[in-house]
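Working notes, beginning with the structure itself.
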Amino acid sequence: MRYWLLKSEPDVFAYSDLERAGTEPWNGVRNYQARNLLREMAVGDLCLFYHSNAAPPGLAGVARVTGAAVPDDLQFDPASPYYDPRSDPAAPRWSMVQVAPVAALPRLVSLTELRGLPAWQDSPLTRKGSRLSVFEVTPEQFAGALAAAELDLPDARPAD
DNA sequence: GCCAACGTTGGC
DNA sequence: GCCAACGTTGGC
């Protein structure tokens, strides 16, 4: 199993919105590096749900990948802000995965706090200037974030 | 292929 | 609201 981090602006779509929705297509990603990572995700992978552009920014919850990458339908919708007229329907440019909530963190783990965790010293999140909205996190980073929030997630641990 | 201009991201 | 950093666009 692999671990990932997904950024979302809570004013637009917060972790609580994911809980309300039950399942959600992770669409609208329009960055090639992030898209390539979406395509690497497998059903069952776990994601840290990060609130960006928030006060304070930080990790709010854990989500699970429930559907592997498929073409992002919004790229073909002229009414969508994510419409991409240059995407060829025969070879769609943009992908999305499906995610579902697993657990809200008992408390938000702020970016400031993450910067203080040893496992998080090297990450796109703590690297200055990085704007990547989807990236892989190490098992140590994942476990460290959950420990900081005092969330025990039995099914997040690798099977013995 | 270069690179300046532009729009966006996201912390503060 | 500010602004640094980044990715993309488009002229040449």
Side-chain angles (χ1 to χ4, degrees), chain A residues 2-21 24-41 45-65 69-99 101-138 140-151:
Chain A
R2 297 170 77 181
Y3 301 95
W4 309 90
L5 183 145
L6 299 174
K7 286 186 190 173
S8 185
E9 300 191 22
D11 289 349
V12 179
F13 192 82
Y15 185 76
S16 58
D17 293 316
L18 180 62
E19 290 185 315
R20 204 167 302 120
E24 183 76 8
W26 206 253
N27 52 22
V29 173
R30 295 292 179 269
N31 168 281
Y32 286 104
Q33 195 177 350
R35 179 207 68 182
N36 292 343
L37 293 169
L38 288 178
R39 290 178 177 177
E40 288 188 32
M41 291 183 179
D45 284 358
L46 292 175
C47 305
L48 295 171
F49 195 106
Y50 179 80
H51 283 175
S52 62
N53 252 319
L59 299 173
V62 179
R64 186 185 305 279
V65 177
V70 295
D72 178 345
D73 43 348
L74 297 183
Q75 70 195 304
F76 302 120
D77 178 3
S80 168
Y82 299 110
Y83 178 54
D84 183 352
R86 295 186 302 175
S87 181
D88 176 5
R93 181 177 296 193
W94 305 113
S95 301
M96 65 178 185
V97 296
Q98 195 77 21
V99 298
V102 173
L105 297 190
R107 61 179 189 83
L108 186 120
V109 179
S110 72
L111 177 59
T112 303
E113 190 173 349
L114 287 171
R115 289 190 200 282
L117 300 181
W120 283 85
Q121 294 310 299
D122 183 29
S123 163
L125 196 68
T126 50
R127 201 171 301 143
K128 186 182 179 187
S130 173
R131 303 185 334 201
L132 193 58
S133 64
V134 176
F135 53 88
E136 187 165 13
V137 301
T138 66
E140 292 75 19
Q141 288 168 339
F142 187 86
L146 266 55
E150 297 187 44
L151 173 66

Check your understanding: Would you say the side-chain atoms of A:Arg35 and A:Ser95 include a donor-acceptor pair closer than 3.5 Å?
Key -> no
Review point. Stepwise, does the ring-ring contact (aromatic ring centres under 6.0 Å, His included) test hold for A:Trp94 with A:Tyr32?
Key: CA-CA 8 Å; A:Trp94 305 113; A:Tyr32 286 104; 4.7 Å; yes
Review point. So, A:His51 side chain and A:Tyr15 main chain: donor-acceptor pair closer than 3.5 Å or not?
Key: yes
Review point. Taking NZ, NE, NH1 and NH2 as the nitrogens, is one of them in A:Asp84 or A:Arg93 under 4.0 Å from a carboxylate oxygen of the other?
Key: yes
Point to revise | Modelled atom types, side-chain donor and acceptor of A:Gln75 and A:Ser87, under 3.5 Å | key: yes
**Study point:** A:Trp4: side-chain hydrogen bond (donor to acceptor under 3.5 Å, both in side chains) partners, not counting sequence neighbours
**Key:** A:Asp45
Check your understanding: Excluding sequence neighbours, so at least two apart, what forms side-chain hydrogen bond (donor to acceptor under 3.5 Å, both in side chains) with A:Asp77?
Key -> none
Revision key, fill the gap. The correct set of residues in residues 112-124 of chain A placing a heavy atom under 4.0 Å from DNA chain B is A:Arg115
Check your understanding: Would A:Glu150 and A:Arg107 satisfy salt bridge (charged side-chain N to carboxylate O under 4.0 Å, His left out), going step by step from the backbone distance to the final call?
Key -> CA-CA 8 Å; A:Glu150 297 187 44; A:Arg107 61 179 189 83; 5.3 Å; no
**Study point:** Under the side-chain hydrogen bond (donor to acceptor under 3.5 Å, both in side chains) test, residues paired with A:Asp122 that sit two or more places apart
**Key:** A:Arg127
Study note, to complete from the structure: Contact check, residues 126-137 of chain A vs DNA chain C, heavy-atom distance under 4.0 Å, returns A:Lys128, A:Gly129, A:Arg131
Exercise for review: Could you tell me how the ring of A:Phe13 sits relative to the ring of A:Trp26: parallel (under 30°), tilted (30 to 60°) or perpendicular (over 60°)?
Suggested key: perpendicular
Point to revise | Terminal contacting nucleotides, 5' and 3', DNA chain B versus chain A (heavy atom, 4.0 Å) | key: B:dG7 to B:dC12
Review point. Across the strands shown, which category fits A:Arg30 at heavy-atom distances under 4.0 angstrom: base, sugar-phosphate, nothing?
Key: nothing
